[in-house]
There are 2 protein chains.
Amino acid sequence: MSKLSNAIESFIKKMLQNTENQTLEIRRNELADYFSCAPSQINYVLSTRFSIHKGYYVESRRGGGGYIRITKISIDEDDLLHTIFRIIGNSISQSKSEDIIERLREEEVISDREGEIMKAAVNKKNLNLPVAARDKIRANILKAMIACLMRQKSE
Amino acid sequence: MSKLSNAIESFIKKMLQNTENQTLEIRRNELADYFSCAPSQINYVLSTRFSIHKGYYVESRRGGGGYIRITKISIDEDDLLHTIFRIIGNSISQSKSEDIIERLREEEVISDREGEIMKAAVNKKNLNLPVAARDKIRANILKAMIACLMRQKSE
DNA sequence: TACTTTGACTATCTTTGACTTTCAAATATT
DNA sequence: AATATTTGAAAGTCAAAGATAGTCAAAGTA
């Protein structure tokens, strides 16, 4: 029975529901202790159940006072951002990126200035790499920025 | 329980806010006594929380009557952007990038949302590369975004 | 086969303490 | 009186130990 991961998943989701701002902080080792499992089990659950695609944003910090912070992003399936996120996939050219950013601007999801910042970030001049690698990294950056917009929206 | 560094950080920042000219002098040993910690803890806090990236300038003097003087740097936006540009150089870590972005936000050069977008762009999760290459590309991205802010301003 | 669990190893952040350097005031020397 | 030396009071440095979290691959399970 692979109940462990499921149990941890529900536990975290329940905790999340009891928060005001959709944000929860945990101590990895505490949680692992609570479930009597390896600490890395927590990472497994986070990466399989709380990924950005599933609508969660995870930050963390190591060392004394370290933590893992989980934020729920409200995603609605026919949301423009969500669609765009899918369209990007795992590789994208500069010009397509710019088209997407332009579109976001037209739809007034982002301001002019935000658009300029985002375009600057995906410019190929920054990414001094073979084209294939460059397009992958660009996709990551663009998706990260858009995920961030989704997060902002739900706050 | 790594509240110590955070506590010392807030304490100093609160003290700074109560000064007229953004400058504060402390006695290292006194402060260490106050927090019941090793004096070198103060140095740790200074170097991690009051770095040049975060917009602070720290001077000190040893010997009898020694002191540590902490100054919050305040310069006009144009200089700030140029200075930051220089500080970035051609390679920078994620955490230093975040410090810089945080500072831009504090100085109200960028909005909260713009800050989040910029942080998303420099996150290491996007840059699946060896550290050295990653830090170079991050520097490019960050500088490109900042250059974009300068352009915006002059328009 | 695909998903889950574990554990060894790594990376990062914090705290502490032993040792070093610098400075100003007091004291000694010329 | 002027200069040199000593002393004690700061602050600085650095490496080790402690506290977390991350990664990855091997082993287990459905």
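In the text below, chain A, chain B and the rest are named by the order of the sequence lines, each starting its count at 1.
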Whole-Å distance separating the [atom1] atom of [X] from the [atom2] atom of [N]:
X	N	atom1	atom2	answer
A:R28	C:dT5	CZ	C1'	14 Å
A:E30	D:dA19	CD	P	14 Å
A:I42	C:dT4	CD1	C1'	13 Å
B:R27	C:dA24	CZ	C1'	12 Å
B:N43	C:dT14	CG	P	15 Å
B:R62	C:dC23	CZ	P	7 Å
B:E9	C:dC13	CD	P	14 Å
B:Q94	C:dA11	CD	C1'	13 Å

When you measure from the side-chain N and O atoms of [X] to the phosphate of [N], is any distance below 4.0 Å, counting only OP1 and OP2?
X	N	result
B:R61	C:dT22	no
A:S60	D:dG22	yes
B:Y44	C:dT14	yes
B:S5	C:dC13	no
A:N29	D:dT20	no

* Identify whether any heavy atom of A:I68 sits under 4.0 Å from a base atom; if not, whether one sits that close to sugar-phosphate; answer base, sugar-phosphate or nothing. =>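 A:I68: backbone/sugar contact only, no base atoms under 4.0 Å.
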* Pick base, sugar-phosphate or nothing for A:S40, based on heavy-atom distances below 4.0 Å to the nucleic acid. =>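 Result for A:S40 = base.
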* Kindly give the heavy-atom pair with the smallest separation between B:D99 and B:S51, and that separation in Å. =>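 Here B:D99 and B:S51 meet closest at OD2-OG, 4.4 Å.
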* Under a 4.0 Å N-O cut-off, is there an ion pair linking A:R105 with A:E116? ->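 Between A:E116 and A:R105 there is a salt bridge, with a charged N closer than 4.0 Å to a carboxylate O.
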* To do: Measure the acute angle between the ring planes of A:Y34 and A:F11, then classify it against the limits of 30° and 60° as parallel, tilted or perpendicular.
  =>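 A:Y34 and A:F11: tilted rings.
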* Asked: For DNA chain C, whose closest nucleotide is more 5', that of A:T48 or that of A:P39?
  ->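 Result of the comparison: A:T48.
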* Just compare C:dT6, C:dT14, D:dA10 and give me whichever is closest to any side-chain atom of B:R49. =>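 Within the option list, the nearest is C:dT14.
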* Step through the shown structure and confirm whether more than 12 heavy atoms of other residues, nucleotides or ligands are within 6.0 Å of NZ on B:K13. =>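 Yes, NZ of B:K13 has more than 12 neighbouring heavy atoms, counting only those of other groups under 6.0 Å.
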* Asked: Would you find more than 12 non-hydrogen atoms of other residues, nucleotides or ligands less than 6.0 Å from B:K96 atom NZ?
  ->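 It does not: B:K96 NZ has 12 such atoms or fewer within range.
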